[in-house]
Amino acid sequence: MTLDERDGERLRQAFAGMAERAVPRDDCPRPDVLWAAVHGERPPDEVHRLVAHTSECGVCAEAWRLARDLRGTAAGPAVDPATSPGVAWWGSWGSLAAAAGVAALAFSAVWPSGPAVERAPAAPTLRALPADNQRLPRDRAVLRWTPGPPRSRYDIQVATVDLRILTRARGLDVPELALPAAALAALPRGARFVWQVEALLPDGTRITSPTFVAILE
Amino acid sequence: MDRSEPLSDGVLPAEGASPSAPLTDEECARLRQQIARSVARVCPRWLSAQAEDIVQIALIRVVDILRAREGNEPLSASYLSRVAYTTTVDEIRRLRRRREVPLEEGAEERHEGAGPEEARAGSEIGEGLRDCLGRLAEPRRLTVTLHLQGHTVPEAARLLGWTDKRVENLVYRGLADLRRCLASKGLTP
């Protein structure tokens with residue numbers, strides 16, 4: 001590396017360092033606009049404005065670099081149709097009960113589970129208490145599940161049947177969660193929602209529950 | 001996180017019909033894996049603790065998009081990358097806005113092996129750099145900014161709609177101006 005190259009690299013590092021203490025501004029462009037600009041999908045005059053913005057906004061400059069780094073790797077082949085979902089499976093919901101079933105299936109994929117862990121045959125399983133498909137009063141909606149060994153911790157997330165997150169909690173030390181009223185405010189009476197728990201056992205093992213369904217009274 | 005932004009603006013290719021049967025557990029898992037790979041590519045190291053959250057939010061967005069669309073077109077890999085990118089940037093902005101990222105953590109990443117003095121000097125240089133960039137004539141500022149972002153001259157020329165020669169000259173002169181400005185502030189990156 002020549003002296004000029006080292007100098008240029010230091011300038012680039014200094015420019016990248018502007019992001020460290022930067023705060024987003026009200027006039028920051030949407031991320032998809034930055035993405036489109038980096039990928040040559042915006043006219044030059046708009047690119048001029050966007051680049052001018054990144055020259056003074058460290059947060060957007062960082063976003064621009066991320067889009068640039070992804071360029072090339074992003075233009076891969078289409079996802080194998082055999083593994084790509086369409087819309088028909090959403091449209092096929094014939095009833096709310098069926099919807100809850102599909103959502104439960106999809107929700108199990110949404111849960112960010114870690115790598116598979118070999119578990120001993122005696123590993124506990126997580127079940128809803130008192131049972132799945134229970135009815136919960138809106139003002140006292142408490143989700144409960146079977147506890148793991150002492151000192152277990154629990155992460156839980158709750159979503160509508162179409163997978164909009166209602167609430168989630170991490171690191172609970174008791175096997176229950178009282179749902180905040182605000183989280184349920186948008187749900188009508190009789191609405192079903194889904195929930196799933198992940199337990200971190202004292203030995204480091206992670207156990208993910210099935211997806212449970214609850215009904216709001 | 002802003003869930004109101006339009007994510008589907010005509011980039012979804014119509015490349016044939018996708019399965020009409022309900023999504024299987026395995027298909028859901030594959031979709032999640034594809035998104036996770038895209039997030040892994042775009043997620044900066046300092047944000048890695050949030051990577052799983054980003055994957056989850058991106059997956060929910062994809063599901064929302066699928067539900068909102070009509071027709072049976074499959075998603076392209078580039079579209080999943082785009083969703084992974086926009087979700088990651090949203091998370092970066094959220095954290096930067098709330099200052100959840102420990103400054104020391106970011107400093108360590110960008111000044112590996114450097115002590116607090118070097119990190120502070122780096123911050124001063126960043127401030128000086130921003131000021132000096134702002135003093136450049138706009139054409140020079142644009143080309144120097146793209147240069148500092150790692151773009152080659154042909155790339156910058158294509159983005160800005162100018163000739164390679166013009167961009168090359170502007171970068172050369174702009175960098176000279178920039179160095180002079182920084183030197184006047186006693187800064188030598």
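As the structure is a prediction and not an experimental result, all values here were calculated from the model. By convention in this document, chain letters (A, B, ...) are assigned in the order of the sequence lines, proteins followed by strands, and residues within each chain are numbered from 1.
At least one donor-acceptor pair under 3.5 Å links the side chain of B:Q149 to the backbone N or O of A:A61. For the pair B:Y85 (side chain) and A:A63 (backbone), a donor-acceptor distance under 3.5 Å is present. With A:H48 contributing its side chain and B:L160 its backbone, the two residues share a donor-acceptor pair below 3.5 Å.
Heavy atoms closer than 4.5 Å to chain A are found nowhere in B:L136, neither backbone nor side chain. Both the backbone and the side chain of B:L142 come within less than 4.5 Å of a heavy atom of chain A. Contact of B:E155 with chain A is made through the side chain alone, with heavy-atom distances under 4.5 Å. When heavy atoms are compared at a cutoff of 4.5 Å, B:R93 approaches chain A by way of both its backbone and its side chain.
Taking all atoms of both residues into account, the shortest heavy-atom contact from B:R82 to A:E41 is NH1-OE1, 3.6 Å. Among all heavy-atom pairs drawn from A:S55 and B:T145, the shortest one is CB-OG1, 3.2 Å. Looking at every heavy atom in both residues, A:R12 comes nearest to B:L148 through CG-O, 3.5 Å. Across all their heavy atoms, A:A37 and B:L159 have their closest contact at O-CD2, 3.2 Å. Across all non-hydrogen atoms, the minimal contact from A:V23 to B:R96 is CG2-O, 4.1 Å.
Other residues, nucleotides and ligands contribute over 12 non-hydrogen atoms within 6.0 Å of the CZ atom of A:R153.
In this structure, CG in A:L11 is found 6.5 Å from CG in B:L182, a value given to the nearest 0.5 Å.
Side-chain atoms of B:V42 and A:D69, non-hydrogen and from C-beta on, never get closer than 4.5 Å to each other. Proximity of B:L146 to A:W64: side-chain heavy atoms (C-beta onward) are separated by under 4.5 Å at one or more points. Between B:H151 and A:R65 there is no side-chain heavy-atom pair separated by less than 4.5 Å.
By number of non-hydrogen pairs under 4.5 angstrom with chain A, the leading residue of B:I35, B:L129, B:D131 is B:L129. Between chain A and the residues B:H147, B:R158, B:Q33, B:R141, the most heavy-atom pairs under 4.5 angstrom are made by B:H147.
Under a 4.0 Å N-O distance rule, the pair B:D90/A:R30 does not qualify as a salt bridge.
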